[in-house]
Amino acid sequence: MIADQFPWLTAIILLPLVASLIIPALPDKDGKSVRWFALGVGFADFALMCYAFWKHYDASSATFQLVEKYAWIPQLGLNWSVSVDGLSAPLVLLAGLVTTLAMFAAWRVDRRPKLFYALMLVLYAAQIGVFVAQDILLLFIMWEVELIPVYLLVCIWGGQKRRYAATKFLLYTAASSIFILVAGLAMAFYGTSSGSPFTFDMAELALKQFPIGLEVLLYAGLLIAFGVKLAIFPMHTWLPDAHGEASAPVSMILAGVLLKMGGYGLIRLNLELLPNAHVYFAPILAILGVVNIIYGALSSFGQTNMKRRLAYSSISHMGFVLLGIASFTDVGVSGALLQMLSHGLIASVLFFLAGVTYDRTHTMAMNEMGGIGQAMPKVFALFTMGAMASLALPGMSGFVGEISVFVGLATSDAYSTPFQVVTVFLAAVGLILTPIYLLSMLRQVFYGDSAVCDMASSGKPSQSDEAVCFGTNCVLPSEAIFNDASPREIFIAASFLALIVGIGFYPKLATQMYDAKTVAVNAQVRQSYVEISQSNPQLYAKGLAFPRIAEVESASLLGVVK
Amino acid sequence: MDFANLAAQLNAGTILPEGIVIITLLTVLLGDLIAGRAASRWTPYFAIGGLLSAIVALYFQWNNPTPNGFLGGFNADDLSIVFRGIVALSASVTLLLSVRYVEQSGTPLGEFIVILLTATLGGMFLSGADELVMVFVSLETLSIASYLLTGYMKRDPRSNEAALKYLLIGAASSAIFLYGVSLLYGLSGGETRLSQITTNLLANNANESIGVVIALVFVIAGIAFKIAAVPFHQWTPDVYEGSPTPVVAFLSVGSKAAGFALAIRLLVNAFPMVSEQWHFVMTALALLSMVLGNVVALAQGSMKRMLAYSSIGQAGFVMIGLIIGTDAGYASMVFYLMVYLFMNLGGFACVILFTLRTGTDEITEYSGLYQKDPLLTLCLSICLLSLGGIPPLAGFFGKIYLFWAGWQAGAYWLVLIGLLTSVVSIYYYIRVVKMMVVKEPEEMSEAVKNYPAISWTAFGMRPLQVGLIVCLVATSLAGILSNPLFNLANNSVTGTPLLQSSVIQPARPVMLQSSKTLDEASVLEAHL
């Protein structure tokens, strides 16, 4: 790696950014060449990251790789320091894939195409920047850079309540991201008076020992910051609005990648840097995870808008990530990451297909649809496959992720049996609710009497006749033409579905990229757990009533930790 | 005292940049007198050239081994050089913006330039003034010139109203300031040099006197008026709204920078004995300014009023650097003022341009501007987002440096409030961006619908365009490539003996070093 001095990651981040700056200068009136340009850049960047990881990324190592470090503003201690490890590499690839395909999915955007694609490319760079930043301040900068493009993308090319949704998104994210900065400053300055180095570098910060009280505070702050992004229960309210109001390509990115930034941050900062506090917070995370699963599923069932239903299903699925993170087992943490990847693919394809459907029906209200399956068999087939993946049908990636989380939680020796039974049972209830709302959505949209098709002939006025255009051509629902999926749309959906099925049948495809890393993360967390539970065996019993730990046999535990 | 000795004592070279400005000013005045209106072809450019050469002269004074001039009346240390540079630069950008504005309003340009240069001169002298009389004279030069500028549109009743308000409140605050200064003068036994006041106070055993505290309060009132800190801000919205926009641009940047220079010099130099008290008062002012400025800005309908409140909030941020009083604190102040110069003047440039083309400055009238004028939209968006602290624009790095320094010094609560209020500020800045960029063509405002064709050929439009582009480029790049600016800010602080002696001084207010976090931490630990 060292011999190879080419700054791969910097190139991967800067390519879309530079390309977005070129866009205004492109001679283009109708947006035809801009989209080819943007797609080409997205694809080139994706190819670049594939090549860089293929050649220079060693999946068997848990350390930071492809490290680049340049002093940016030494006065602040800010370094342009980027690297990948098992945690970030798969997410970088996910971001590249989803964003590229989202730009391809946005083929029909004909309102202000230049601005649209320029913002998409900036967003592309910022997402990758978040995943590869090794400097907390740099992570914060990337986190904030991503705000404005998303805001504008939702605000200009969204549904009817897009401005409300975009502002809500902006304020939630901006306000919560304060905690990243504050936690970063606190960690960087901690102990500088007693000689420990001043640094924002995560690898060096991991070596610092914080007093447990400070660690708990930092953990809580970061949990808020990342919890908003990951849509943990009381902080999720922006998500249905933003995901529901954004246009399909933007929803793909929001659900496919931006949600994962929260999970990534939790593992990267909370678990890796603050493992002691994690021991105290893990039961809370598990409970929040269960709440997310059940609450998300129940709310989803109550939605009549197709995209809002999918948005709540995302909330539900993110609960599994929390459960996995809280499990204290290798399988569980690995499952959490797999669940993020798999949900990234599944949510993207579902939102994409919702957009495809919308392009025909021009309504999102499920009770106005029906019988579309006859008119659009291919969309129907693809949508069914996506829904099956989402409800964790064996053989699809969703199943692997969720089963890993379940196994991890069930075999965890950190929690008492009643606590495990209750959480696993409740999570399983969520698993039953998922098919209910997804299948009922399929039934309402694709089966039944062809309400929308009839509408075209009878000219029945529809409630949402003030059509929402999402930046594409405006057709009223009553004038909709139902043609089946075009090759472009099939290609996009098939790319996602191929990966979903591939990971479903052969999970090592994904897990081999990060197994070494998740095991290392978990070993560290367990280490803290063992230390804390030895000094304080009644740990959980005191603070919270029910997650009582079984009397920890440290001998057997240490055996697991090796 | 022989001549050589006297010349060394005077050390008149220290005010060479001001000398250049004075010569420029006189030339413009005479040129305008002789050539009449025809002179307005060259006077603005000549004035800008003069200001820029003053900046060049400042550059050559950097690290001057003998900074004291005029028997200690003027101090040309690195800090004053930076602040004088900021004042001069803001005046030259303001000149770029004002040519067309003044021309279109039908008032003579020559006098405007002369008065603006006088204000600049006052600001520059104020940044280096090291003696009470000098401080007051330069403060008044700046203030009186500002009153004149505020009322320059003499046919516009709102401009007159603004000038009257500014004059009355400004005169009152000058009187209060003068009273505080005179107390100081008396208590120190007739000493006017700032650096000697403390020594004399100690010698006279006056350091325990309540008089020092009263003097402090009065002096702070005068300074806070100049930097528009809450609760001495009431004049700001009205004056900003009524005055000619280029004047507002200068008041919000140049005049404020001079005020901050005065604050550093006077408080650090003359009031070390009541350090705890002035830190306490300034903390209160900073908190109030950040909260009130940013919150009230949410409710404004006029762009200039919004920028007025925003500038109050921004002053609150800058005060964090003053309060913590470390090297990094002063450097972050200087750095923030430098980037603030470009982003705020850029914002005002856009407001001026929009007003020139449409005749209004209501925020709602900006609806749909993106369709008609992409450059203006881009520039205003960048400047406002930078003011809101969105990376990778310059304002973000300025804010992060302030908060970084604040956290380093342990001023946790100030930093937290600063962060919270800057989120609030994002909301009102982005509201304007939303108006311009997001609105559909059918939601376009009347003003934008009747938007004139974009032309840069009219007299005075080119300078405006240049000013716009300069601010745009500086705001977008000064953050990413901010190393030189950081170095400049840091060197100006480390190269200033005054601050170096004060930085070491241990007396820091107790309330700032909030060890609450750690206290809570230990409580939690005990609990667990």
Side-chain angles (χ1 to χ4, degrees), chain A residues 17 24 71-78 111-112 115 126 137-138 140-145 147-148 151-152 154-158 162-163 166-167 170-171 173-179 181-182 184-186 188-190 192 198 210-218 280 469 532 536 539 542-543, chain B residues 328 331-332 335 370-371 374 378 381 385 388-393 396-397 400-401 403-410 412 415-416 418-420 422-424 426-427 430-431 433-434 437-441 479-483 485-487 489-490 517-528:
Chain A
L17 209 55
W72 185 358
I73 302 179
Q75 291 87 346
L76 288 183
L78 170 63
R111 190 191 308 156
R112 303 199 217 163
L115 187 61
L137 207 49
L138 186 63
F140 175 73
I141 291 176
M142 291 299 182
W143 191 277
E144 296 273 304
V145 166
L147 275 185
I148 297 298
Y151 172 80
L152 288 177
V154 176
C155 209
I156 301 179
W157 294 272
R162 56 186 183 272
R163 286 172 197 163
T167 310
L170 182 81
L171 291 181
T173 317
S176 63
S177 65
I178 289 178
F179 290 102
L181 180 64
V182 169
L185 287 172
F189 278 113
Y190 178 75
T192 40
F198 169 79
F210 305 105
I212 184 68
L214 177 65
E215 212 167 288
V216 166
L217 277 180
L218 292 173
Y280 294 97
C469 314
I532 289 176
N536 186 3
L539 173 65
K542 214 165 151 194
Chain B
S332 64
F335 180 77
Y370 175 83
Q371 271 92 2
L378 176 76
S381 306
L385 291 177
I390 300 285
L393 304 169
F396 170 79
F397 289 90
I400 207 114
Y401 196 19
F403 296 148
W404 185 95
W407 198 273
Q408 186 194 34
Y412 303 123
V415 173
L416 283 177
L419 279 167
L420 276 177
S422 63
V423 170
V424 174
I426 292 178
Y427 180 79
I430 203 129
R431 195 162 63 106
V433 178
K434 187 166 81 175
V437 181
V438 173
K439 294 277 182 181
E440 311 293 339
I480 301 167
L481 310 171
S482 51
N483 253 328
L485 287 184
F486 266 104
N487 281 333
N490 280 345
T517 328
L518 290 177
D519 286 348
E520 281 175 9
S522 52
V523 168
L524 268 168
E525 199 168 12
H527 178 69
L528 293 166

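Sequence lines set the chain letters: A, B, ... in the order given, protein chains first and strands last, and positions in each chain run from 1.
With a threshold of 4.5 angstrom between heavy atoms, Leu419(B) approaches chain A through its backbone and through its side chain. Interface residue Ile141(A): backbone and side-chain heavy atoms are both found under 4.5 Å from chain B. Heavy atoms closer than 4.5 Å to chain B are found in the side chain of Ile148(A), but not in its backbone. Looking at Ala186(A), the atoms closer than 4.5 Å to chain B (heavy atoms on both sides) sit in the backbone and in the side chain alike. Residue contact with chain A, scored on non-hydrogen atoms closer than 4.5 Å, involves the backbone and the side chain of Glu440(B) alike. Neither the backbone nor the side chain of Leu393(B) comes within contact range of chain A, judged by heavy atoms closer than 4.5 Å. Heavy atoms of Leu416(B) lying under 4.5 Å from chain A belong exclusively to its side chain. For chain B, the nearby part of Leu152(A) is the side chain; its heavy atoms alone come within less than 4.5 Å.
The candidate with the highest count of non-hydrogen atom pairs below 4.5 Å against chain B, out of Thr192(A), Ile178(A), Leu181(A), is Ile178(A). For the set Leu78(A), Leu115(A), Leu137(A), Leu147(A), the entry with the most heavy-atom pairs within less than 4.5 Å of chain B is Leu115(A).
Residues Arg112(A) and Val437(B) have side chains in contact (heavy-atom distance under 4.5 Å, counting atoms from C-beta outward). Proximity of Thr167(A) to Arg431(B): side-chain heavy atoms (C-beta onward) are nowhere separated by under 4.5 Å. Side-chain contact between Asn483(B) and Pro74(A): present, with at least one pair of heavy atoms (C-beta onward) separated by less than 4.5 Å. By the 4.5 Å heavy-atom criterion applied to side chains, Ile73(A) and Tyr401(B) are not counted as neighbours. Counting heavy atoms from C-beta on, the side chains of Val182(A) and Tyr412(B) never come closer than 4.5 Å.
For the atom pair CZ of Phe486(B) and CH2 of Trp72(A), the computed distance is 10.5 Å after rounding to the nearest 0.5 Å. Going from atom OH of Tyr151(A) over to atom CD1 of Ile426(B) covers 11.0 Å, rounded to the nearest 0.5 Å.
In Phe189(A), the CZ atom is crowded: over 12 heavy atoms of neighbouring residues, nucleotides or ligands sit closer than 6.0 Å.
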Does Phe140(A) form a side-chain contact (heavy atoms from CB on, under 4.5 Å) with Ile400(B)? I'd like the steps, not just the answer. CA-CA 11 Å; Phe140(A) 175 73; Ile400(B) 207 114; 4.1 Å; yes

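When all heavy atoms of Gly389(B) and Glu144(A) are compared, the pair lying nearest together is O-OE1, 4.5 Å.
Taking the six-membered ring where the residue is Trp, the centroids of Trp404(B) and Phe198(A) are separated by under 6.0 Å.
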